[in-house]
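One structure below.
What you see is a predicted model; the values in this text were computed from it and never measured. Along the sequence shown, the residues carry numbers beginning at 1.
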Amino acid sequence: ASREYAQQHGLPSGLQQLTTTPVVTAAVVGRQLRLRAYRGGEREDVILEPTLISEHFPFLRKAILAGLGVGIVPAYVVQDAIAGGEVVTTLDEYRLSIFGTSMYLLYMPDRHQIRAVRTCIDFLLEKARSLG
């Protein structure tokens, strides 16, 4: 959340508090937003009703910086704002997951893949494997 939002409203200290906090995030249209949180060996699930939903991360970043609520976005979206002190974090002891851990690579099927496509696929697979 923005530093100003945190000073005015406070930050949630537990997952259940997110159900009554204005949340800014991306979501799948037509599905409930289930936030899965891991801490140590434990897992918790919370159903959220975000205040603001968008698939456009630059828009979500602006909304967070404007103090519209607590953002649940990938770290890279606000990493520089965190480093600069504009954004503060909470629930840092949790590893949060909204969309799960699956990753999909979609491409048009073709009998003859060009070398660039095959090289890209091989590179992405190697990187994913190395990250575990």
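- Side chain of Thr90 to main chain of Pro12: a donor-acceptor pair is present (N/O by atom type, distance under 3.5 Å, no hydrogens or angles).
- Summarising the geometry of Gly67 relative to Tyr5, their closest heavy-atom pair is O-CD1, 3.4 Å, with the distance given to 0.1 Å.
- For Glu86, the CD atom counts as densely surrounded, since its 6.0 Å shell holds more than 12 non-hydrogen atoms of other residues, nucleotides or ligands.
- Side-chain N or O atoms of Thr21 include none that pairs as donor or acceptor with a backbone N or O of Val23 at under 3.5 Å.
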**Item:** Full working for salt bridge (charged side-chain N to carboxylate O under 4.0 Å, His left out) between Asp122 and Arg115
**Value:** CA-CA 10 Å; Asp122 292 342; Arg115 183 175 288 217; over 6 Å; no
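- Put simply, the side chain of Arg43 never gets that close to the backbone of Arg36: no donor and acceptor are under 3.5 Å apart.
- In this structure, Glu126 CD and Arg129 CZ are separated by 8.5 Å, a value rounded to the nearest 0.5 Å.
- The side-chain heavy atoms of Pro22 and Leu68, taken from C-beta on, include no pair separated by under 4.5 Å.
- Residues Leu91 and Gly14 approach most closely at CD2-N, 3.7 Å, considering heavy atoms.
- Closest heavy-atom contact between Arg61 and Asp80: NH1-OD1, 2.9 Å.
- In the model, Gln17 has a side-chain atom that pairs as donor or acceptor with a side-chain atom of Ser13 under 3.5 Å.
- Rounding to the nearest 0.5 angstrom, the gap separating the CG atom in Asp45 from the CZ atom in Arg34 is 5.0 Å.
- Put simply, the side chain of Leu96 reaches to within 4.5 Å of the side chain of Leu35, judged on heavy atoms.
- Side-chain atoms of Leu124 and Ile121, non-hydrogen and from C-beta on, never get closer than 4.5 Å to each other.
- Separation of atoms NE2 (His9) and OG (Ser2) is listed at 8.0 Å; rounding is to 0.5 Å.
- Ile47 and Ile98 are members of different hydrophobic clusters when ILVMFWY side chains are connected at heavy-atom separations under 4.5 Å.
- Leu48 places a side-chain heavy atom less than 4.5 Å from the side chain of Ile72.
- Contact check for Ile82 versus Val88: no side-chain heavy atoms found under the 4.5 Å cut-off.
- Distance CG/Leu33 to CD1/Ile53: 7.0 Å, rounded to 0.5 Å.
- Across Val70, Val77, Val73, a single residue satisfies side-chain contact (heavy atoms from CB on, under 4.5 Å) together with Ile64, and that is Val73.
- The list of ring-ring contact (aromatic ring centres under 6.0 Å, His included) pairs with a residue in residues 58-92, not counting sequence neighbours, is empty.
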